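Structure, as structure tokens:
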Protein chains: 2
Amino acid sequence: MIKDIELLKEKGLKVTPQRIAIVDLLKSYGHLSISKMYELIKEKFPSISLATIYKNLNAMVDNGFVNEVKIIGQDSRYELAKASHSHVVCKECGVMEDIMLDDSDIKDEAKKLSKFDIQSSSITFYGICQKCATS
Amino acid sequence: MIKDIELLKEKGLKVTPQRIAIVDLLKSYGHLSISKMYELIKEKFPSISLATIYKNLNAMVDNGFVNEVKIIGQDSRYELAKASHSHVVCKECGVMEDIMLDDSDIKDEAKKLSKFDIQSSSITFYGICQKCATS
DNA sequence: CTGGGTGCAAAGTATTTGCATGAAC
DNA sequence: GTTCATGCAAATACTTTGCACCCAG
């Protein structure tokens, strides 16, 4: 917790109760859409404004503190920035999981093929989770 | 051309001049955002409605005839569905290129790690294209 | 104190919908 | 002739902005 607060400060963002709540939610849920975040945060801050969430998430993204993950067929999710990783999304229930996989080979291949100076990647798999597969 | 028309028919979509124009544009440009598509298509159909583009792209996506590609920091692009491939996007000028890379290893790894029945993947790299790098 | 953050309401933008007309089959 | 597509306008959804007030530093 204290670490997050320090990080916010380092980025020049003031530490407000609303921001702490946003960070805490991202920590416990991993990834959240804006509407889900709004819904959850209102349990603690009934009077919070959607605009506050937009402004804060945008500020955190601009500071590299949070990442947006775009998904086909669903709202974007937001997550705390951390070691590069990939995602798996269930087409049925929408659940999203992080997976750590080594993308260095594929990234090298992409560099060769495209001649781009590649800086980052976004890798997302879509399928059916075990829970949905067995019900 | 005739092939596309047949494909539209097979999907149960009537072949209208507007739809042919959409498909032709996607063919020549590879990937287009909605607003770019609107801009280009108005050269041929000054009276076309944005709603027509939305409705048609949505219908084509629903039929698996067109795919949406989501990109961080830019509007989604649409492309004709074709063999699975990946994308490279320039953070500077926004240009997008297709690359064919073998993602079977990484996909197997994702299956193992996630226990999902993985059906498709979305792989996009971000960086700087050669043109922007040298200017 | 002082500057930035919050919440509200309003403005802006993006996307979808309903419907009368018109075109494809 | 029937069915579906088009284009317009209206409705809805999503996101940003302006501003008065408030709180963190």
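All chains are named by letter (A, B, ...) in the order of the sequence lines, taking the proteins before the strands, and each is independently numbered beginning at 1. Predicted model, so just to flag it, every value in this text is computed and none were measured. Below, each value reflects all heavy atoms present in this structure, side chains not excepted, and no hydrogens, waters or symmetry copies.
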| query | Within the structure, does a side-chain N or O atom of B/Q18 lie under 4.0 Å from either OP1 or OP2 of D/dG7? | reply | yes
| query | Pick from A/D24, A/L25, A/L26: which one makes a side chain to side chain contact (heavy atoms under 4.5 Å, CB included) with A/I22? | reply | A/L26
| message | Connecting only ILVMFWY residues whose side-chain heavy atoms lie within less than 4.5 Å of each other, what is the rest of B/I128's hydrophobic cluster? | response | none
| remark: For B/M100, the hydrophobic cluster (side chain heavy atoms closer than 4.5 Å, chained through members) also holds none
| said: Assess, by modelled atom type and distance only, whether the side chains of B/S114 and A/E97 contain a donor and an acceptor separated by less than 3.5 Å. | reply: no
| Take atom NZ in A/K11; do more than 12 heavy atoms of anything else shown fall under 6.0 Å from it? | yes
| query | For A/K91, does the NZ atom have more than 12 heavy-atom neighbours from other residues, nucleotides or ligands under 6.0 Å away? | reply | yes
When the distance from [atom1] of [X] to [atom2] of [N] is rounded to whole Å, what number comes out?
| X | N | atom1 | atom2 | value |
| --- | --- | --- | --- | --- |
| B/D62 | D/dA5 | CG | C1' | 16 Å |
| A/R19 | C/dT6 | CZ | C1' | 10 Å |
| A/I22 | C/dG5 | CD1 | P | 12 Å |

Expected list for residues 37-55 of chain A: side-chain donor-acceptor pairs under 3.5 angstrom, two or more places apart:
{"from": "A/E39", "atom 1": "OE2", "to": "A/K36", "atom 2": "NZ", "distance (Å)": "3.1"}
{"from": "A/S49", "atom 1": "OG", "to": "A/A51", "atom 2": "N", "distance (Å)": "2.9"}

| Of the residues in residues 33-60 of chain B, which ones touch DNA chain D at a heavy-atom distance under 4.0 Å? | B/S47, B/I48, B/S49, B/A51, B/T52, B/K55, B/N56
| query | Sub-3.5 Å donor-acceptor pair from the side chain of A/N63 to the main-chain atoms of A/F65, do we have one? | reply | no
| field | Side-chain donor/acceptor of B/R19 to backbone N/O of B/K14, under 3.5 Å | value | yes
Pull out every protein N or O sitting under 3.5 Å from an N or O of nucleotides 22-25 of chain C, one pair per line with the distance.
{"from": "C/dA24", "atom 1": "N3", "to": "B/K14", "atom 2": "NZ", "distance (Å)": "3.4"}
{"from": "C/dC25", "atom 1": "OP1", "to": "B/V15", "atom 2": "N", "distance (Å)": "3.2"}

| task | Enter the inter-axis angle for the ends of the helix from C/dC1-D/dG25 to C/dC25-D/dG1 (five pairs per end, rounded to 10°). | result | 50°
| task | Before accepting this row, confirm whether a basic side-chain N of the pair B/D117/B/K111 lies closer than 4.0 Å to the acidic partner's carboxylate O. | result | no
